[in-house]
Number of protein chains: 2
Amino acid sequence: MAKAGASTRKENFASTKRHVTSYDVAQHAGVSQSAVSRCFKPGASVSKKMRARVMAAVEELGYTPNAIARGLITRRSNMVAVIVSNLNFYPEVVSELSARFTERGVHVLLFTLDHESDVSRTLQQVWQYQVDGVIAAAHLSPDEIATFVERDIPLVFYNRSYEDVQVCSVSCDQIEGERALINRLVEASRHRSFAIITGPADSVVSMQRTRGALERLRECGATEVLQVSGDYGYRSGCRAVQEILDRRGDMPDAIICANDVMAFGAMDELRYRLDYDVPGDVSVVGFDGVRAAAWASFDLATVVQPVESMAEAAVSMLMDRVDNPELPPEKRLFSGVLRNGSSIRG
Amino acid sequence: MAKAGASTRKENFASTKRHVTSYDVAQHAGVSQSAVSRCFKPGASVSKKMRARVMAAVEELGYTPNAIARGLITRRSNMVAVIVSNLNFYPEVVSELSARFTERGVHVLLFTLDHESDVSRTLQQVWQYQVDGVIAAAHLSPDEIATFVERDIPLVFYNRSYEDVQVCSVSCDQIEGERALINRLVEASRHRSFAIITGPADSVVSMQRTRGALERLRECGATEVLQVSGDYGYRSGCRAVQEILDRRGDMPDAIICANDVMAFGAMDELRYRLDYDVPGDVSVVGFDGVRAAAWASFDLATVVQPVESMAEAAVSMLMDRVDNPELPPEKRLFSGVLRNGSSIRG
DNA sequence: AACAGTTTTGACTTCGAATGCAATTTATCG
DNA sequence: CGATAAATTGCATTCGAAGTCAAAACTGTT
């Protein structure tokens, strides 16, 4: 970058002058402030000579345009809010979204929710920052969704879909995925009794997965399906297995978990505390396709959500509406990819 | 919040007027814009009557202060940048930082780095957004650090320390932690031969961990220490074990991994592909204390970094310098907590 | 060289909220 | 009650960049 000499000079400027503004640059280059501004606007009409002079001054003073000031006048902050609930904080999703936005020169204001009740407070913050759009991987009430419409702020849900609300979303087909998983189970071997470990009661995703599983199981003629509830965490997977044992007296042929992490808990509990063989005695399946599903310890049969495609879709869907607010709401549904793992018997 | 009636009214306003500004509120309440502004400033001098009138108008119009405009004049954006490199994206850290900042009414602009080379581009972005401070969980060059000083932007490193640079940092004592781990190893049982799986060559943290291990091993009289390199990923843990086997012909008594995830890879490779017993034949230790370390499949002996304390420390260290830029740089070093796991023999 | 046509350029205004200062109201006390 | 101190309020300006529009500088043509 800058050589030592230039660096020293900059330092001096910095200590005397608080912030270098476009005015300073203009003065230094002997041009108008408008000219400086234009040099930073992509398709603007600036002569070569002008651009060169300005850029020289920019270098010398170490000028950086102030995005805050720019945002004020252009009414485009180039920031989007990403709202994720802390519980199901999928790092891949956040980092993938962040990367995709960065590619487009858009910056991510991250909001994590500890409790779903923080939503309204969070939204207050979101409004203040004049973000150009919002990606929500959390549950919003219809009222809250309505405020986005009122304020003309594009909103895209990630893996949350709302049946009766016209709103953008990108999701993985939970029901289809779960059905595929059940198909895999019944094809693989004669599983007769089942248990489902659900996610938290307020998780739509969990409900869909559970519903998909139940539907398909019934269609396949399974009559014996025990349901116990978990919270998506490892420990709740362990506890759920205990509960299954308590309620049934023995283990079912297969345990269907609403997510991978609970499946890990379930497998570990079965193998290490209850001394069952997975998949010999019990098959276990999950949902999500997190990294650890492919680890040899688990080699879990699950549905891999196409995180990259989904993130890309969410980002482009959002940015399309930012550029053109007239676009109608759209729901994009991706299919998950079945991952065969040795956690299924047969 | 607002009843249905009010909501409808808001909607009408919204459709006629682009954004509700403090001027609109002022006019509606029959007061000056300054008054409105003051009603939103904590310790300002406003009479009860005035506040009531203003707030009524605020409610009625659905006004939200514009943080962008505020930031422009106050020169305080109430945003901080959090820079993390994508590779070692520790979700706990990011979400913990985010929560701590949110508590203080500060917002997080998230920057993820795919390659370390993106740093300078990222910093350009950071300058533009006039963030009040930066938390970096990534490597910056001394030149880059210097620009923070020039620009008077407080910077706190998370788990990166620089020996000769005066800069704020919050870290876990990698060397001490690793030494404790080695102590645990030698106390537990007679381990004679060792292998170390390091992290990426450019990771300072990995270097420190390796150094700590080597030092303590030498002090304990270990002569046979093989070093192979990994990249912090699960697969690299697997590969590293193969490499150890190739280079030695057999397995050492203990494998010391620069992080937990590689330790998982190593354990799985040993158990499921090479048919070694862990810890019977080989002990494995990691570093970090991620969630999965406590899972029964691994029950890994490791050093748990006190993420919550560290995040809190980083946040308060940063915000202290934002409020008082004169504070001198400070390095805070936390001790990790040894986690005993059954991945160690004895 | 003079003219119309095209680029470039600069003066001025704008975005929305915060603040110093002066004007005004209210409270306090002899 | 009047005078003075104290609290409240409004006016005008400010932050930094971008856009509007008209003036100025080029271009090419005859």
Side-chain angles (χ1 to χ4, degrees), chain A residues 17-55 57-58 61-79 124-125 127-132 151-152, chain B residues 17-55 57-58 61-79 124-125 127-132 151-152:
Chain A
K17 206 154 179 37
R18 214 62 207 144
H19 279 303
V20 180
T21 74
S22 61
Y23 266 98
D24 302 325
V25 174
Q27 200 171 346
H28 196 84
V31 301
S32 76
Q33 179 267 328
S34 327
V36 177
S37 171
R38 273 190 285 261
C39 286
F40 284 88
K41 191 186 172 177
S45 155
V46 192
S47 68
K48 276 193 170 61
K49 219 188 301 178
M50 168 68 80
R51 165 156 275 132
R53 289 181 63 177
V54 170
M55 286 313 179
V58 164
L61 301 181
Y63 167 75
T64 322
N66 182 327
I68 297 289
R70 171 184 293 159
L72 184 56
I73 186 82
T74 60
R75 306 162 138 288
R76 254 267 214 168
S77 62
N78 272 309
M79 297 191 299
Q124 285 296 111
Q125 307 295 328
W127 307 140
Q128 299 207 357
Y129 278 86
Q130 315 291 116
V131 296
D132 297 333
R151 291 178 188 259
D152 275 322
Chain B
K17 207 154 176 36
R18 211 66 206 139
H19 278 303
V20 180
T21 74
S22 61
Y23 269 97
D24 302 325
V25 175
Q27 200 171 344
H28 195 84
V31 301
S32 75
Q33 178 268 326
S34 331
V36 178
S37 171
R38 274 190 280 261
C39 286
F40 283 88
K41 191 186 174 179
S45 156
V46 192
S47 68
K48 276 194 170 63
K49 218 188 303 176
M50 167 70 80
R51 164 157 277 133
R53 289 180 63 178
V54 170
M55 286 314 179
V58 164
L61 301 180
Y63 167 74
T64 322
N66 182 327
I68 297 288
R70 171 185 292 159
L72 184 56
I73 186 82
T74 60
R75 307 162 137 290
R76 255 268 216 166
S77 63
N78 272 309
M79 297 192 298
Q124 285 297 112
Q125 308 294 328
W127 308 140
Q128 299 207 357
Y129 278 86
Q130 315 292 113
V131 295
D132 298 333
R151 291 177 188 259
D152 275 322

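Residue numbers begin at 1 in each chain, while the letters A, B, ... track the order of the sequences. None of these values were measured; they are calculated from a predicted model.
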Could you run through nucleotides 8-18 of chain C and give me one letter per nucleotide, 5' to 3': B if any protein heavy atom sits under 4.0 Å from the base, S if only the sugar-phosphate is that close, - if neither? BBBBB-BBBBB

Show the numbers, then the answer: is there a side-chain contact (heavy atoms from CB on, under 4.5 Å) between A/F40 and A/R70? CA-CA 11 Å; A/F40 284 88; A/R70 171 184 293 159; 4.2 Å; yes

Apply side-chain contact (heavy atoms from CB on, under 4.5 Å) to the pair A/N66 and A/T21, showing each step before the final yes or no. CA-CA 8 Å; A/N66 182 327; A/T21 74; over 6 Å; no

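For the atom pair A/D24 CG and A/Q33 CD, the distance stands at 10.5 Å (nearest 0.5 Å). Annotation: the span from A/H19 atom NE2 to B/R75 atom CZ amounts to 4.5 Å, rounded to 0.5 Å.
Separating the CZ atom of B/R76 from the P atom of C/dT19 is a distance of 12 Å, rounded to the nearest angstrom. In this structure, NZ of A/K48 is placed 16 Å from P of D/dC26, rounded to the nearest angstrom.
Other residues, nucleotides and ligands contribute at most 12 non-hydrogen atoms within 6.0 Å of the CD atom of A/Q27.
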